[in-house]
Number of protein chains: 2
Amino acid sequence: MVTIKQISEKLRLSPATVSRALNGYPEVSAKTRILVEETARNLNYRPNQLAKKLATGRSGMIGLVLPPSNDKGFDPTFFDVMTGLSRRLTELDLDLVFHAPVFGDDIEPFRRLVGKQAVDGFIVTNPRLSDARIDFLLEEDIPFVVHGRNASEQPGFAYFDIDNFRVGYDATKLLLDLGHRKICFLNGPDDVHFSFERKRGFEKALADHGSDAASGAVRHGRMSESYGYREALAALSLPPAQRPTAFVSSSTIIAAGILRAVRDKGLRVPDDVSIVSHDDAPPQLDAMGFDPALTVTYSPLRDACGPLADILQGLLNGENLDKLQITEEAELIVRQSTGPSPSVDQSKGQTA
Amino acid sequence: MVTIKQISEKLRLSPATVSRALNGYPEVSAKTRILVEETARNLNYRPNQLAKKLATGRSGMIGLVLPPSNDKGFDPTFFDVMTGLSRRLTELDLDLVFHAPVFGDDIEPFRRLVGKQAVDGFIVTNPRLSDARIDFLLEEDIPFVVHGRNASEQPGFAYFDIDNFRVGYDATKLLLDLGHRKICFLNGPDDVHFSFERKRGFEKALADHGSDAASGAVRHGRMSESYGYREALAALSLPPAQRPTAFVSSSTIIAAGILRAVRDKGLRVPDDVSIVSHDDAPPQLDAMGFDPALTVTYSPLRDACGPLADILQGLLNGENLDKLQITEEAELIVRQSTGPSPSVDQSKGQTA
DNA sequence: TTGAAAGCGCTAACAT
DNA sequence: ATGTTAGCGCTTTCAA
């Protein structure tokens, strides 16, 4: 184990100068810097992170806790985010400390990590509208960034989110413009912010459409293939007058279920039924690979990892909060799963 | 932030005594200890891990790196193990540092973590028969425990494994005893130790059975439903004389594929085809919930987490290696997916 | 049984 | 541009 002291002795310099040279401080002479860097390399010097941390008061560790209520089968999505975060944090020379809460106590891992002063900050995923973890961290004044948001209008914390209102709005508007008048929205759980926002967008698009008799139904549920299948089957089994001609889906996995239900009913996409889904590009499911290729609002989860890491680092470096609250747009990609409403002549122009 | 020094001042003791009292050293008087512990509690004292680590030279962190070549969709199994490990390590007051390698360089995260002296040891999962990570850690003389084994007969490292020879042997023997003579083994990948061992067990059971014309075929592949389906379908499409009457499967997910193939062929389990699978109880798939309930060799992955953590701690505490190389038996559980070979009279006793 | 003092390896005022 | 000094909070000889 070669230390700064050893380098300094060898070079007949003070440890302080060596430290400065190694850490890129401006006041060391070019000559000294070169010399120090060279010997450090030759001696295969590795800074002792622990000592560094003790001296600076920062641990270089970021806490990531498995979100609660993942009792039955976990969210593969979380894993996707975790690996992405790890990669980006590594570039920032930060390490990810992972904890899984024992069932029943979701904030214990936070309390623990905070108590041990083991981490400089947290990344919070899968926030709920009302989230005890966020409340705790706010209370304790620990730096953290949230992937998504909670219910508050003006969150007092850093976050990265997509514009879920627009996700709901754009998808719905597209369908309305295609002439669909009965639209069924298979949304996510009812206690998360993104579901809430998408529903708002859905309803706003419907309202904006005007007095025209467009109507929509919103369902909430745990995002899964079977949820999509079950709800879509039920909707498609309604009498013709109430049967939807289009679905909005909050995830590709739900869309897979919808697609299966449509087929089981002997219907075709997009001729009889249109589908537009949100696509966060989970690693195991490719919306483009669907048959037909899915029209989506596109915003890969892994694209959030870089920003999340960067935001947290900004936070740790004392940057201003309002630069650290970011909302990004999802991109509407029209593919083959959407078409004109069957009851409407394709050539007829729509008034938006 | 209350420190040892503050406690010592308040109590008019030396920091050393406070430290000793807090860490359960035998030489402090009962009176002092009580006093110190009480004030520590009142002041809500939290030892600074960093300082502790600097002084002791141990980081209290364990490295866990996502195993390589999980490019397309990751192994949910790994996630299961990771959460289990986190829970147990927490009890041992160790924290898990997670890293995901960037594609192409599997040992870079190890090199990095070792270089930074960020962790005291590693847990290595999904070992290959020849594994660069193991070679690296051995070379660098870093403590680590492997979940499974590599190809070496006498590994020079700590590991926790199940008796995969017996897994293959027991499953096969059960089928032979039921009168099956054509058995198809859908094994895991061919470059991992467990596949190798199970294959050995499979072949040994066949050999032990004697001159009697029992024959087996072994397939290797990435464990997935589609692999099971594809291979089983192919096997069941053989001419009757070569068609297997029983399958051995290396995972429940493969077994699901086999089951689907059997059904697609219009056959029944166990009347026409028997299935015995290894069951490591992945969170998303319950072998008991199969229809019919699966006969399995049972050894939940999560049961390995405790031992793995304990072994690593033993290693860090300098325990002897031979106490830290553990092989456990899997349990054969006979349920409804196995029955007598269709060509054999059910009442006829078999000579094992 | 307790205290004093040194040190883990590094950083950061404050001098020079 | 470089050196001196003092810590960060804790553990651990050594001495009393």
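A note on names: the letters A, B, ... follow the listed sequences, proteins ahead of strands, and every chain is numbered from 1. The figures that follow rest on heavy atoms only: side chains count, while hydrogens, waters and symmetry mates do not.
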Practice problem: Kindly check if the number of other-residue, nucleotide or ligand heavy atoms within 6.0 Å of CD (B/E27) is above 12? | Solution: yes

Practice problem: Please lay out, stage by stage, how A/I134 and A/V146 fare under the test side chain to side chain contact (heavy atoms under 4.5 Å, CB included). | Solution: CA-CA 8 Å; A/I134 293 177; A/V146 178; 3.9 Å; yes

Self-check item: Check: A/F160 main-chain N/O paired with A/E328 side-chain donor or acceptor under 3.5 Å
Solution: no

Exercise. Ignoring hydrogens and angles, tell me if any N or O in the side chain of A/T32 forms a donor-acceptor pair with the backbone of A/V28 under 3.5 Å.
Key: no

Exercise. Spell out, as yes or no, whether a donor-acceptor pair under 3.5 Å connects the side chain of A/T17 to the backbone of A/L13.
Key: no

Practice problem: Using a heavy-atom cut-off of under 4.0 Å over every strand shown, decide if B/R33 touches base, sugar-phosphate, or nothing. | Solution: nothing

Quiz prompt | Donor-acceptor pair between A/N48 and A/R46 side chains, under 3.5 angstrom | solution = no

Quiz item: Taking only N and O in the side chain of A/S14, is any of them less than 4.0 Å away from OP1 or OP2 of D/dG3?
Solution: yes

Quiz item: So what does A/L13 touch, heavy atoms closer than 4.0 Å: a base, only the sugar-phosphate, or nothing?
Solution: sugar-phosphate

Quiz item: Using a heavy-atom cut-off of 4.0 Å to chain A, what are the terminal contacting nucleotides of DNA chain C, in 5' to 3' order?
Solution: C/dG9 to C/dA13

Exercise. Only one of A/F136, A/F110, A/Y159, A/F157 passes ring pair (Phe, Tyr, Trp, His ring centres under 6.0 Å) with A/F144; say which it is.
Key: A/F157

Quiz item: At what angle, to 10 degrees, do the two end axes of the helix from C/dT1-D/dA16 to C/dT16-D/dA1 meet, given five pairs define each axis?
Solution: 40°

Quiz item: Is it true that the side chains of B/H99 and A/D95 contain a donor and an acceptor less than 3.5 Å apart?
Solution: yes

Quiz item: Between A/F98 and A/F78, how do the two ring planes meet: parallel, tilted or perpendicular, split at 30° and 60°?
Solution: tilted

Quiz item: Touch check for A/R12, heavy atoms < 4.0 angstrom, all strands: base, sugar-phosphate only, or nothing?
Solution: sugar-phosphate

Listing time: all N or O pairs from protein to nucleotides 10-14 of chain D that are below 3.5 Å?
{"unit_1": "D/dC10", "atom_1": "OP1", "unit_2": "B/Y45", "atom_2": "OH", "d": "2.5"}
{"unit_1": "D/dC10", "atom_1": "OP1", "unit_2": "B/N48", "atom_2": "N", "d": "3.2"}
{"unit_1": "D/dC10", "atom_1": "OP2", "unit_2": "B/I4", "atom_2": "N", "d": "2.6"}
{"unit_1": "D/dT11", "atom_1": "OP1", "unit_2": "B/N23", "atom_2": "ND2", "d": "3.1"}
{"unit_1": "D/dT11", "atom_1": "OP2", "unit_2": "B/S19", "atom_2": "OG", "d": "2.6"}
{"unit_1": "D/dT11", "atom_1": "OP2", "unit_2": "B/N23", "atom_2": "ND2", "d": "3.2"}
{"unit_1": "D/dT12", "atom_1": "OP2", "unit_2": "B/Y25", "atom_2": "OH", "d": "2.5"}

Quiz item: Regarding B/D120 and B/S59, is there a side-chain donor-to-acceptor distance under 3.5 Å anywhere?
Solution: yes

